[in-house]
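Okay, so here's the structure we're looking at.
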Amino acid sequence: MLYIVNKKGDALINCIDTVSVDDVILLIEDAVYAALATSLPSVLSKPINGVAIYALMPDMQARGIDVARCYKHIQYVDYAGFVDLVEHNNPVRSCY
Amino acid sequence: MLYIVNKKGDALINCIDTVSVDDVILLIEDAVYAALATSLPSVLSKPINGVAIYALMPDMQARGIDVARCYKHIQYVDYAGFVDLVEHNNPVRSCY
Amino acid sequence: MKISIQINASPYQYQAADTAWNFIQAAIDKGHEIYRVFFYHDGVYNAHRDSRPPGDERDIVKRWSGLQVEHGVDLVVCVSSAQRRSLLEQSVASKVGGYENALADGFRIAGLGLLMEAVIESDRHVTFGA
Amino acid sequence: MKISIQINASPYQYQAADTAWNFIQAAIDKGHEIYRVFFYHDGVYNAHRDSRPPGDERDIVKRWSGLQVEHGVDLVVCVSSAQRRSLLEQSVASKVGGYENALADGFRIAGLGLLMEAVIESDRHVTFGA
Amino acid sequence: MLRLVLKVKTLFFIINKSLQGNVCGQEFLDMALMAAAFDQKVVLLFEGEGVNALVKNQCPEGVGLKNILPILNALPIYDINDVWVEKESMEVWGLVEEKLEISVKSISREVIKKQINAADHVFSF
Amino acid sequence: MLRLVLKVKTLFFIINKSLQGNVCGQEFLDMALMAAAFDQKVVLLFEGEGVNALVKNQCPEGVGLKNILPILNALPIYDINDVWVEKESMEVWGLVEEKLEISVKSISREVIKKQINAADHVFSF
């Protein structure tokens, strides 16, 4: 199952509450801020067992987010990769 | 200073981060759910020193929220009371 | 006291327009003056004449128009927010071939200056957003 | 594969319409079929002809129209969402005296049945919201 | 509704926010009703904050809004019989079935998740 | 802009969310510019997640959006010189002034709060 999350507040928290092994999370739009390593613990501070977490690179670049400042367990895709994630996972759940 | 908060996620959390003594928080619309006592700790579980917290009763009733299920340190106003809070506090900050 | 109101959210999809309306009624009942209601961002959708909600639901656009008729409240729609969101001033619409009658009764279209004037003249400014 | 898309948010105020558009371009580039784009809730504001953003910004409504012309993508606006949000079908507009030309080129207005048909026929359904 | 549909898909409609205060909840339920009219397998799932949408004694009329309880009560008429609530969310919000307006199936997160994973499409709002 | 305004009010414009991805940030800054044109005392405050709006090297053009950095750079031209960031938020997000596009005053939450309490109006979006 693919979760597409576009905000880092409740939308992401609710998503994390229900993910399980083999799920994939894609952070888009303002949710990419959740990829940033913060000084306080944040919802994505730690890897989630068996869950792949991606962030949409064009939305990262739009916001000037440097990959070097992000959690190491986050992976990155462009829009073509976004399409691939949709192709290879089903169902698709949008969290917004 | 009066905070008018209409959602219980980031909007309320950011508000709680910056309130100080003599501030007033008014929960409206979906933020009234934050008045409900939950089994897990929630952002309003505990009173905040010197900060009065109100919930808009018509929005509570619209959602079938029983005052008996809410935290005891929450107070209630109707729209006339909402206007009074605006009259007696300044500035007014909307968090949404 | 003098209160100015700002509406930043579209009607129906968010409760902002409803909450603002109930607040304004209560403020007027208490003898306060609503100096102006300013519609900004997606709030401009509150002023589209052609909104036709089902008969068993409140008509938010008509309700605003009624507020202007009954209490003379000044309803101002931001011109630049409005152009992006398909609400054209009559003169612009006639020039570009758009809908000349798009704005509902009781509203007027103007610039951000009218928001600033309202805020400067008012004791309180209350924003209702999404 | 066949992908259907649903847009639930207004343009400009939210990134949903932009993200969806970029996604659709990439999907078409990869040879997938966009079975239908269905505009629901405030998403119907994407179909208002009179939207006039400043010249240095993207024109979201025109961009959708272009998608229909270039790739034949079916753009469907939900009729009941649309009526609440000031977008009337031509026949209704002519009856009630509204804007008969409100719908931008390339869109059509229809019922929720067309969303269901799209979902049943498609391998994937992706929703973009506020 | 008489209609020739060859495929039957399993569609989850997930409510994890408030249904009140705006028209989105109503419009979301319309989608589920239409899916049922197309003879699809429809599951309506309430989880997270969404479970609060089911409580009795909602009076949105007081703030001029439409009540969604009549739509919930009419679900069986539209052949929507799979109305699930997430057990864990009920506990967090201190809800028990007697406090709810309609009868639902209380199911654990883990079991729900397995079912969703096997669904064809998931709708949210 | 020549204009007779008798009252000067202190107006806080608080940015505590992303300025990118939509037109709201731009429209919000327009409000601050207009307030300055009316000779009001304008403070633009970045706090919480909003501090991220100030970082260098934003490329919204890649997703077809407008860049807001030119507006931020033009603030002094519009006589907006009080651009504050909350110190604590900078620390949470791991930001230092060199990473920001424009020069700002880094101020503690406590000091900011006292100033806001004395303001006439607060704008948020």
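Given the structure is predicted, the values throughout are model-derived calculations rather than measurements. So you know, we letter chains A, B, ... as the sequences are listed, proteins then strands, and number each from 1. FYI, side chains are in, hydrogens and waters are out, and symmetry mates aren't considered; it's all heavy atoms of this structure.
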Does a sphere of radius 6.0 Å around [atom1] in [X] hold more than 12 heavy atoms from other residues, nucleotides or ligands, not counting ones at 6.0 Å or beyond?
{"X": "Glu110(E)", "atom1": "CD", "value": "no"}
{"X": "Tyr71(B)", "atom1": "OH", "value": "yes"}
{"X": "Lys72(B)", "atom1": "NZ", "value": "yes"}

Determine the minimum heavy-atom distance between Gly64(B) and Val55(E), stating which atoms define it.
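Minimum heavy-atom separation between Gly64(B) and Val55(E): O-CG2, 3.7 Å.
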Closest heavy-atom pair and its distance - Tyr33(B), Trp93(E)
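Heavy atoms only, the tightest pair is O-CZ3, 3.5 Å.
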Rounded to the nearest 0.5 Å, how far does [atom2] of [Y] lie from [atom1] of [X]?
{"X": "Lys8(B)", "Y": "Ser18(E)", "atom1": "NZ", "atom2": "OG", "value": "10.5 Å"}
{"X": "Asp30(B)", "Y": "Leu19(E)", "atom1": "CG", "atom2": "CG", "value": "9.5 Å"}
{"X": "Asn57(E)", "Y": "Asp66(B)", "atom1": "CG", "atom2": "CG", "value": "8.5 Å"}
{"X": "Cys59(E)", "Y": "Ile65(B)", "atom1": "SG", "atom2": "CD1", "value": "12.0 Å"}

Side chain, backbone, both or neither: which part of Val63(E) has an atom under 4.5 Å from a heavy atom of chain B?
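The side chain, not the backbone.
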Using a cut-off of under 4.5 Å for heavy-atom pairs, which of Glu49(E), Lys56(E), Lys17(E) has the most such pairs with chain B?
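Heavy-atom pairs under 4.5 Å are most numerous for Glu49(E).
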Measuring heavy-atom distances to chain E, does Arg69(B) have an atom under 4.5 Å in its side chain, in its backbone, in both, or in neither?
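Contact with chain E is through the side chain of Arg69(B) alone.
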Where along residues 79-91 of chain E does a heavy atom come under 4.5 Å of chain B, listed by residue number?
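From residues 79-91 of chain E, the residues near chain B are Glu91(E).
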